[in-house]
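Data block below; observations after.
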Amino acid sequence: MAATQKLSGCRLPPLPTIGEIIKLYNLKAQKQLSQNFLLDTRLTDKIVRQAGNLNNAHVCEVGPGPGGLTRSILKAGAADLLVVEKDMRFIPGLQLLSEAAPGRIRIAQGDILAYKLERRFPANITKTWEDDPPNLHIIGNLPFNVSTPLIIKWLEQMSNRTGIFMFGRTRLTLTFQKEVAERLTASTGSRQRSRLSVMAQYLTTVKSCFTIPGQAFVPKPNVDVGVVHFTPLAQPQIQQPFKLVEKIVKNAFQFRRKHCRRGLGMLFPESQRQELTEELLCSADVDPTLRPTEISISEFRALADAYSKLCNENQGLFDYDFREELKFKHQVKRQSDRSNQTELS
Ligand code: SAM
């Protein structure tokens with residue numbers, strides 16, 4: 001059973017192949033955990049190459065599963081690899097790998113969305129934010145159902161320099177459904193331009209690396225997969241709190257096909273909507289007839305700065321949510337309809 005792995009950089013002793021590991025531990029893929037495995041070493045090596053030089057690096061791998069990508073990370077020379085896997089069934093297979101690479105793998109069973117990565121790496125690898133990135137990488141063939149909330153969480157931590165970004169500008173090499181990868185990297189004016197494009201691009205240099213066809217995975221997902229590399233920017237393109245930027249971008253993209261004036265207007269209570277929307281667009285010098293997809297990052301920066309100023313001048317504005325106002329109006333209408341009916345009967 002033991003098939004010798006041809007290893008380029010850092011040799012591992014002979015190990016069962018990933019296919020054999022799957023059979024040995026009866027690791028049937030579970031759909032609810034988005035389990036689609038990569039068994040082709042050339043592809044896992046290629047993903048790992050996108051991360052850059054991993055010699056002596058600290059790495060966190062998200063969702064190692066049966067360990068194909070894990071082996072490629074070890075082969076690339078990572079000195080300290082923390083793997084975070086939710087599904088207990090993979091732990092024995094990973095332990096086998098850990099015995100083959102003594103002292104280089106730490107196995108954690110947990111949910112990456114809640115896991116405190118910052119507690120698991122030594123403080124002495126920290127670089128200042130403006131410095132070169134630290135020798136710490138996040139790599140993962142991500143579960144589809146977690147990838148979007150996870151990247152949003154990491155972007156927020158990046159903006160606040162918390163979590164894994166306490167160590168500096170930690171780089172990420174991750175897979176996404178091709179459509180999500182396209183949104184992350186979409187340029188101003190393109191069809192795929194979305195909230196995700198703006199949120200990722202104001203904080204990072206995003207690089208679309210290559211596409212993996214669905215049939216390369218076991219089982220085969222319905223979609224192709226894109227590999228994306230992120231390097232946090234030393235100077236984020238928008239210097240406002242993440243939540244504020246998120247609110248503006250979310251509102252702007254609310255009515256994708258309409259002029260941006262429509263969605264941005266929903267930032268303001270109905271009674272002042274027209275006046276404050278004009279003021280926002282005017283002080284940001286943004287054309288109200290642009291579609292949300294046509295707004296550049298520098299225009300979003302101007303909008304964020306102008307909105308922040310308006311929030312400082314109008315107490316409670318940041319907490320305004322047009323959905324709450326609509327809900328309240330519907331309630332009042334229902335009550336008045338009911339009392340009209342009572343009067344008539
Ligand atoms: N890395 C393996 C590969 O490339 O073949 C498996 C990738 S598979 C797409 C995603 C992996 O993430 C699975 O092993 C799954 O159990 C794990 N996973 C799913 N949700 C997770 C979560 N919330 N936290 C950590 N791991 C998770």
Side-chain angles (χ1 to χ4, degrees), residues 5 15-51 54 59-76 78 81-98 105-117 120 137-154 163-164 172-181 209-228:
Q5 307 272 310
L15 282 164
T17 64
I18 295 298
E20 285 165 346
I21 292 273
I22 291 174
K23 276 202 204 111
L24 185 65
Y25 295 104
N26 193 20
L27 302 171
K28 200 168 177 303
Q30 288 190 357
K31 214 174 175 173
Q32 68 273 26
L33 286 176
S34 299
Q35 291 177 345
N36 305 98
F37 308 130
L38 270 175
L39 309 190
D40 182 341
T41 318
R42 282 166 309 176
L43 278 174
T44 53
D45 286 351
K46 191 170 173 187
I47 295 175
V48 169
R49 277 201 300 277
Q50 311 309 312
L54 291 191
V59 178
C60 166
E61 187 196 352
V62 182
L69 193 57
T70 320
R71 291 184 188 194
S72 294
I73 296 170
L74 290 170
K75 273 163 52 184
L81 170 58
L82 171 72
V83 296
V84 182
E85 173 57 61
K86 190 170 183 181
D87 187 342
M88 286 289 284
R89 297 176 308 145
F90 293 113
I91 306 299
L94 292 167
Q95 271 159 353
L96 199 69
L97 192 53
S98 163
I105 308 188
R106 295 179 285 142
I107 303 167
Q109 196 258 323
D111 181 345
I112 191 64
L113 284 168
Y115 200 84
K116 302 255 182 271
L117 289 176
R120 302 301 308 275
H137 298 255
I138 296 187
I139 301 179
N141 174 19
L142 295 185
F144 289 154
N145 59 350
V146 167
S147 58
T148 304
L150 189 58
I151 192 65
I152 291 286
K153 177 188 149 161
W154 279 335
I164 197 71
L172 312 138
T173 308
L174 305 167
T175 62
F176 296 88
Q177 289 183 47
K178 187 166 177 246
E179 187 195 309
V180 178
C209 304
F210 65 100
T211 301
I212 309 177
Q215 57 267 29
F217 296 84
V218 180
K220 173 185 172 303
N222 294 328
V223 289
D224 292 342
V225 167
V227 180
V228 182

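Every number for a ligand or one of its atoms is a count from 1 in the order of the listing.
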(request) Provide, to 0.1 Å, the distance between atom 17 (C) of ligand 1 and the closest protein heavy atom, together with that atom's residue and name. (result) Glu85 OE2, 3.4 Å
So if I count the atoms of ligand 1 from 1 in the order they appear, which ones are less than 4.0 Å from some heavy atom of [X]?
| X | answer |
| --- | --- |
| Gly110 | 24 (N), 25 (C) |
| Gly65 | 14 (O) |
| Asp111 | 22 (C), 23 (N), 24 (N) |
| Gln35 | 13 (C), 15 (C), 16 (O) |
| Pro64 | 1 (N), 2 (C) |
| Ser34 | 8 (S), 9 (C), 10 (C) |
| Val84 | 25 (C), 26 (N) |

(request) Check Phe90 against ligand 1 and report side chain, backbone, both or neither, counting heavy atoms closer than 4.0 Å. (result) side chain
(request) Between Glu61 and ligand 1, find which residue part has any heavy-atom pair under 4.0 Å and reply side chain, backbone, both or neither. (result) side chain
(message) Please confirm whether Val62 approaches ligand 1 to less than 4.0 Å, judged on its heavy atoms.
(response) no
(message) Given Thr44, Asp87, Asn36, identify the one with the heavy atom nearest to atom 8 (S) of ligand 1.
(response) Asn36
(message) Quick check against the 3.5 Å criterion: does Gln35 have a side-chain atom that pairs as donor or acceptor with the backbone of Gln30?
(response) yes
